[in-house]
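Encoded as structure tokens, the structure appears first; notes follow it.
Letters A, B, ... are given to chains in the order of the sequence lines, protein chains preceding strands, and every chain is numbered from 1. As the structure is a prediction and not an experimental result, all values here were calculated from the model.
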Protein chains: 2
Amino acid sequence: MTAHPCLADVARRAGVSTATASRVLSGRGPSSAASRDAVRRAAADLGYVPHPVARRLAHRSGTRIVFAVRDARADILRDPFVTRAAAAISAATEPEGLGTALLRLPLSASAELDRLAADRSVAALVLAGHDRTLMAGLPAALRDRTAVIGAGGSDVDSAAGVGALLHHLYGSGRRRIALIAGPRWLAASRAPLTAYTRLIRATGLPERVVHGDFTTVRGRSAAREILRRWPDTDAIATVSDATALGVLQALAADGLRVPHDVAVTGFDDSPLAEAVHPGLSTATHPVELIAVSAVRAALGAPSPGRLFPSRPVLRTSCGGAP
Amino acid sequence: MTAHPCLADVARRAGVSTATASRVLSGRGPSSAASRDAVRRAAADLGYVPHPVARRLAHRSGTRIVFAVRDARADILRDPFVTRAAAAISAATEPEGLGTALLRLPLSASAELDRLAADRSVAALVLAGHDRTLMAGLPAALRDRTAVIGAGGSDVDSAAGVGALLHHLYGSGRRRIALIAGPRWLAASRAPLTAYTRLIRATGLPERVVHGDFTTVRGRSAAREILRRWPDTDAIATVSDATALGVLQALAADGLRVPHDVAVTGFDDSPLAEAVHPGLSTATHPVELIAVSAVRAALGAPSPGRLFPSRPVLRTSCGGAP
DNA sequence: CTGTTAGCGCGTTCAG
DNA sequence: CTGAACGCGCTAACAG
């Protein structure tokens, strides 16, 4: 036995036509118990494996998932969360016989989206960093095979996750809590902001919000901005560990002690969080499950769930009151 | 204009046969200037884009790159270096019209490799974590479309990188330098070890080697092992930042100061390295270039280069002498 | 240099 | 329920 047996070989051995063999093996269409048995046996005997590429050509479906990450910065593809998600998606596509291609989308990406819509190798699209405008401009040809990671799709329950961290800050006595939110253009930035606003409203605390971009650099400048505008701030919550790292650096540079003077929280539970000093309180997320869910949804299968838990991980950075 | 024009449409409009059109557009085979011109014009007029899947079926080539990482632990796919490399490979395959699938291989992986060899959707294989045994057992069908990341393939010049860090330790007065090397089964573990041995031989320092596995947990235990066997150790070099983090934790737990009592170095320049306290000296690597090089090599194209620079990044963890 | 013909391997009508 | 025939879109062998 050398080359791969094809459907015709199986059909011949089973004494049926290729059409019948195809129906039996794909499970679609009618078939008698007799032929079903013969075909199955023949396939097993020959070690038949359908040709993935031929199958996709006949089905007019693509061969890869494109994971498109929209961001202003090109180096977003090196972001720890993005690389982890990309790896997870890539691992999730392996058993499907598919592959994953990673692509950055600039903020206005209509040209790239049109290109993807016309690319017949694209089986489905997984989108991160979307907003309403982007979704509205999504080519019709992609609509029914696009899934989103973040608000409206396979998402972390960031309202609950950030909310829990905020409540912990409040519960341990912090009363002047600032938030470094996500970028304004990002749909996923809304939920944590809502959680923050809700706490502020419920408690009557002062509202202190600035916007970040998931980078350490911006974390530093945002922290400085907060301390300049509201010098008595006693806690800074963020929506990414990288941002929180920048905050820790800025505070250290100013001689402020964490958590004594200012408490800090991150988000995502990256390896950073346990590495920094003091240990960063954050929230942990099942990125791999989210990736699988998004891939499933993009491929049109019923996705197991949409909102995934955001579990707080408390370390010393948000310890007791000042 | 609605659906995609096919090669026959182009040929018809250009007044030639599909064979000629194919030859012109693919650049393979002879063609007259006249027909070349006509075909090109027709293709441009119609906005012709070849069907990637049909092309690959006819070529009998696959549609995806499989990035297989061999390791004892299943969660190696969450390792920062692996996710970054996977993302880079995934990004590198996008312009090629291919996708990437990520797969973990157990230490003895002959069954999985056979499966990959038989999988006609696999265009090429990129392998990490290999050793001689694995390479010897590589199915013949994969031999000419496999590239390796690490020793013998697209690799970091880890001998130079680790060597530079070791020399820095020596140059700043350290005289009892231990090394936490990579796992024994890994081919890529050899080069750093050689760099270490060379320094030991040249200087007459005592040889202190234990083996790690790129995890923080093992970094901790390895550091404890070193301190138990050789209590006067004044420097610990590692071959991964995660390992170095474990070392820092173990030293802190023992009340040893870094770098005053013991200097520490990492490898890979992960986000960890700048986040920890004290800042971790490490070496930085062009992972994205390495990934592209490996993909190119796997696809059979002449790869631009094999050995990529490992540039030391000095932070306080390997500062002045005790 | 060109066109004809035959694959690549599977899916899917549509008569029987 | 079955099978012959065609379609998916492109490439390659082979006469001319």
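At a threshold of 4.5 Å between non-hydrogen side-chain atoms, the residues B:Arg64 and A:Glu94 count as touching. In this structure, B:Asp157 and B:Pro309 have side chains that are not in contact, with every pair of non-hydrogen atoms separated by 4.5 Å or more. With a 4.5 Å cut-off on side-chain heavy atoms, A:Asp155 and A:Ile290 do not count as touching. Contact annotation: the side chain of A:Cys6 approaches that of A:Asp9 to within less than 4.5 Å [non-hydrogen atoms, C-beta and beyond].
A:Leu7 comes within contact range of the sugar-phosphate backbone alone, with a heavy-atom separation under 4.0 Å but no base atom that close.
Under the side chain to side chain donor-acceptor pair (under 3.5 Å) criterion, A:Arg84 pairs with A:Glu288, not counting sequence neighbours. For A:Asp131, the salt bridge (Lys or Arg N to Asp or Glu O under 4.0 Å) partners at least two apart in sequence or on another chain are A:Arg70. Taking the salt bridge (Lys or Arg N to Asp or Glu O under 4.0 Å) definition, one finds that A:Arg190 meets it with nothing, sequence neighbours left out. Applying the side chain to side chain donor-acceptor pair (under 3.5 Å) test to B:Thr146 and every residue at least two apart in sequence or in another chain returns nothing. Remark: A:Ala14 pairs with A:Val16, A:Ala38, A:Val39, A:Ala42 by the side chain to side chain contact (heavy atoms under 4.5 Å, CB included) rule, at least two apart or across chains. Taking A:Arg184 as the reference, nothing meets the salt bridge (Lys or Arg N to Asp or Glu O under 4.0 Å) condition, with sequence neighbours excluded.
Separating the CG atom in A:Leu289 from the CZ atom in A:Phe308 is a distance of 6.0 Å, to the nearest 0.5 Å.
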Under 3.5 Å donor-acceptor pairs involving side-chain atoms of residues 97-108 of chain A, not counting sequence neighbours:
from	atom 1	to	atom 2	distance (Å)
A:Thr100	OG1	A:Thr93	OG1	3.1
A:Arg104	NH1	A:Asp71	O	2.7
A:Arg104	NH1	A:Ala72	O	3.3

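With a cutoff of under 4.0 Å to any heavy atom of chain B, the contacted region of DNA chain D is bounded 5' to 3' by D:dG9 to D:dA13.
Defined by atom type and a distance below 3.5 Å, a donor-acceptor pair is missing between the side-chain atoms of A:Ser270 and A:Asp268.
Heavy-atom distances under 4.0 Å link DNA chain D to B:Tyr48, B:Pro50, B:His51, B:Ala54, B:Arg55 of residues 48-55 of chain B, given in residue order. Against DNA chain D, the stretch residues 32-41 of chain A makes heavy-atom approaches under 4.0 Å through A:Ser32, A:Ser35. Interface residues of residues 14-31 of chain A facing DNA chain D, ordered by number: A:Val16, A:Ser17, A:Ala19, A:Thr20, A:Arg23, A:Pro30, A:Ser31; criterion, heavy-atom separation under 4.0 Å.
Recorded end-axis angle for the helix from C:dC1-D:dG16 to C:dG16-D:dC1 stands at 40°, based on five pairs per end and rounded to 10 degrees.
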Would you check, one step at a time, whether the test side chain to side chain contact (heavy atoms under 4.5 Å, CB included) holds for B:Leu299 with B:Arg145?
CA-CA 6 Å; B:Leu299 291 174; B:Arg145 49 196 175 111; over 6 Å; no

